[in-house]
A.B. asks: 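Before I ask anything, let me first share the structure, which is written out below as structure tokens.
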Amino acid sequence: MKLVIAVVQDKDALRLVEALVEEGFQATKLATTGGFLKAGNTTLLVGVASHQVGRVLEIIKKICRPRDELVTPVTPIGGPTDSFVPYPVEVTVGGATVFVLNVEKFIKI
Ligand code: 2BA
């Protein structure tokens, strides 16, 4: 068995959960925050049989889109500001960051 951990954008999360459940997968949706943008994102935990990982990845690929976000750097506190340029920087977020882990034991009590 595998645990698929997928960090996705909030905009894609609901459609992704619906698509997974529609195909009989079980998923847990966590409200999370990205360390870089400090913006909300969604992390899904999906426990599946090893042979189903490919299908889960296909569904994630189909639904999660990359998007460009503008980040305005924060002025350094107490640091030198003469060389600091506070222009917004564009970063591409997503489609999804996915980890696939081996599950040692799966128990429902
Ligand atoms: P954030 O940490 O808020 O990162 C958002 C986007 O900012 C990233 O998109 C990437 O394009 C950019 N970025 C992140 N760190 C950067 C840095 N040090 N320098 C320049 N640009 C940087 P994604 O790569 O698609 O990641 C989306 C979200 O997935 C991340 O949100 C984070 O919550 C999660 N994530 C990505 N890689 C991860 C990892 N190795 N471990 C845990 N979570 C991860």
Side-chain angles (χ1 to χ4, degrees):
M1 185 177 198
K2 303 280 183 187
L3 178 64
V4 179
I5 301 176
V7 184
V8 305
Q9 293 173 76
D10 289 346
K11 287 167 190 157
D12 297 321
L14 198 58
R15 281 182 60 223
L16 180 55
V17 172
E18 281 172 2
L20 289 167
V21 170
E22 208 168 279
E23 293 212 18
F25 296 111
Q26 295 201 30
T28 296
K29 181 171 167 288
L30 307 172
T32 46
T33 304
F36 187 69
L37 293 181
K38 314 274 186 298
N41 55 25
T42 298
T43 299
L44 294 184
L45 307 180
V46 190
V48 292
S50 299
H51 72 274
Q52 293 174 313
V53 169
R55 183 58 195 147
V56 170
L57 296 180
E58 277 175 16
I59 297 170
I60 294 172
K61 263 186 213 152
K62 194 173 87 183
I63 292 185
C64 297
R65 305 242 170 282
R67 294 183 184 88
D68 293 332
E69 300 281 342
L70 280 181
V71 194
T72 307
V74 178
T75 313
I77 300 167
T81 53
D82 47 341
S83 61
F84 179 71
V85 187
Y87 295 134
V89 180
E90 199 169 69
V91 293
T92 303
V93 186
T97 300
V98 182
F99 304 84
V100 180
L101 283 66
N102 288 321
V103 174
E104 196 179 327
K105 212 181 256 186
F106 172 65
I107 308 164
K108 284 194 175 182
I109 296 169

A.B. asks: Between Met1 and Val48, does the side chain to side chain contact (heavy atoms under 4.5 Å, CB included) criterion hold? Intermediate values first, please.
C.D. replies: CA-CA 6 Å; Met1 185 177 198; Val48 292; 6.0 Å; no
A.B. asks: Strictly distance-based, threshold 3.5 Å: is any side-chain N or O of Thr43 a donor or acceptor partner for the main-chain N or O of Val7?
C.D. replies: no
A.B. asks: Any heavy-atom pair between the side chains of Val4 and Phe99 that's under 4.5 Å?
C.D. replies: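 Phe99 vs Val4: side chains apart.
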A.B. asks: Give the intermediate values and the outcome of side chain to side chain contact (heavy atoms under 4.5 Å, CB included) for residues Val46 and Leu20.
C.D. replies: CA-CA 9 Å; Val46 190; Leu20 289 167; 4.1 Å; yes
A.B. asks: What are the two closest non-hydrogen atoms of Val8 and Cys64, and how far apart are they?
C.D. replies: CG1-SG, 3.7 Å
A.B. asks: Distance-only, no hydrogens or angles: does the Gln9 side chain make a donor-acceptor pair with backbone N or O of Arg65 under 3.5 Å?
C.D. replies: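 Yes; judged by distance alone, with no hydrogens or angles, the pair exists.
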A.B. asks: Given Asn41, which partner from the list Asp12, Thr32, Asp10 fulfils the side chain to side chain donor-acceptor pair (under 3.5 Å) test?
C.D. replies: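 With Asn41 as partner, Asp12, Thr32, Asp10 yield a single side chain to side chain donor-acceptor pair (under 3.5 Å), made by Thr32.
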A.B. asks: Looking at CD of Glu90 and CG of Leu70, how far apart are the two atoms once the value is rounded to the nearest 0.5 Å?
C.D. replies: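 Those atoms lie 5.5 Å apart.
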A.B. asks: May I ask you to decide whether Arg55 forms a salt bridge with Glu58, counting only side-chain N to carboxylate O separations under 4.0 Å?
C.D. replies: yes
A.B. asks: Any idea which heavy atoms bring Lys38 and Thr33 closest together, and the distance?
C.D. replies: C-CG2, 3.7 Å
A.B. asks: Would a hydrophobic clustering, with Ile, Leu, Val, Met, Phe, Trp and Tyr connected at side-chain separations under 4.5 Å, put Ile5 with Leu57?
C.D. replies: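 No, it is not one cluster - the side chains of Ile5 and Leu57 are not joined through contacts under 4.5 Å.
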A.B. asks: Could you state the interatomic distance from CG (Leu44) to CD1 (Ile60), rounded to the nearest 0.5 Å?
C.D. replies: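 CD1 of Ile60 is found 7.5 Å from CG of Leu44.
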A.B. asks: May I ask you to decide if Ala49's main-chain N or O and Gln52's side chain share a donor-acceptor pair within less than 3.5 Å?
C.D. replies: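 Present.
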A.B. asks: Hey, quick one: are Val98 and Leu3 part of the same hydrophobic cluster, counting side-chain heavy atoms closer than 4.5 Å, chains of contacts allowed?
C.D. replies: no
A.B. asks: Let's go through Leu30 and Leu45 carefully: what are the C-alpha distance in whole Å and the side-chain angles of both, what is the deciding distance for side chain to side chain contact (heavy atoms under 4.5 Å, CB included) to 0.1 Å, and is it a yes or a no?
C.D. replies: CA-CA 8 Å; Leu30 307 172; Leu45 307 180; 4.2 Å; yes
A.B. asks: Could you check Leu16 against Leu14 for side chain to side chain contact (heavy atoms under 4.5 Å, CB included), going step by step and ending with a plain yes or no?
C.D. replies: CA-CA 5 Å; Leu16 180 55; Leu14 198 58; over 6 Å; no
A.B. asks: Which atom names give the shortest non-hydrogen contact between Val103 and Lys2, and what distance separates them?
C.D. replies: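 For Val103 versus Lys2, the nearest heavy atoms are CG2-C, 3.5 Å.
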A.B. asks: Measure the spacing between CZ of Arg15 and CD1 of Ile59 and express it to the nearest 0.5 Å.
C.D. replies: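 The CZ atom of Arg15 sits 12.0 Å away from the CD1 atom of Ile59.
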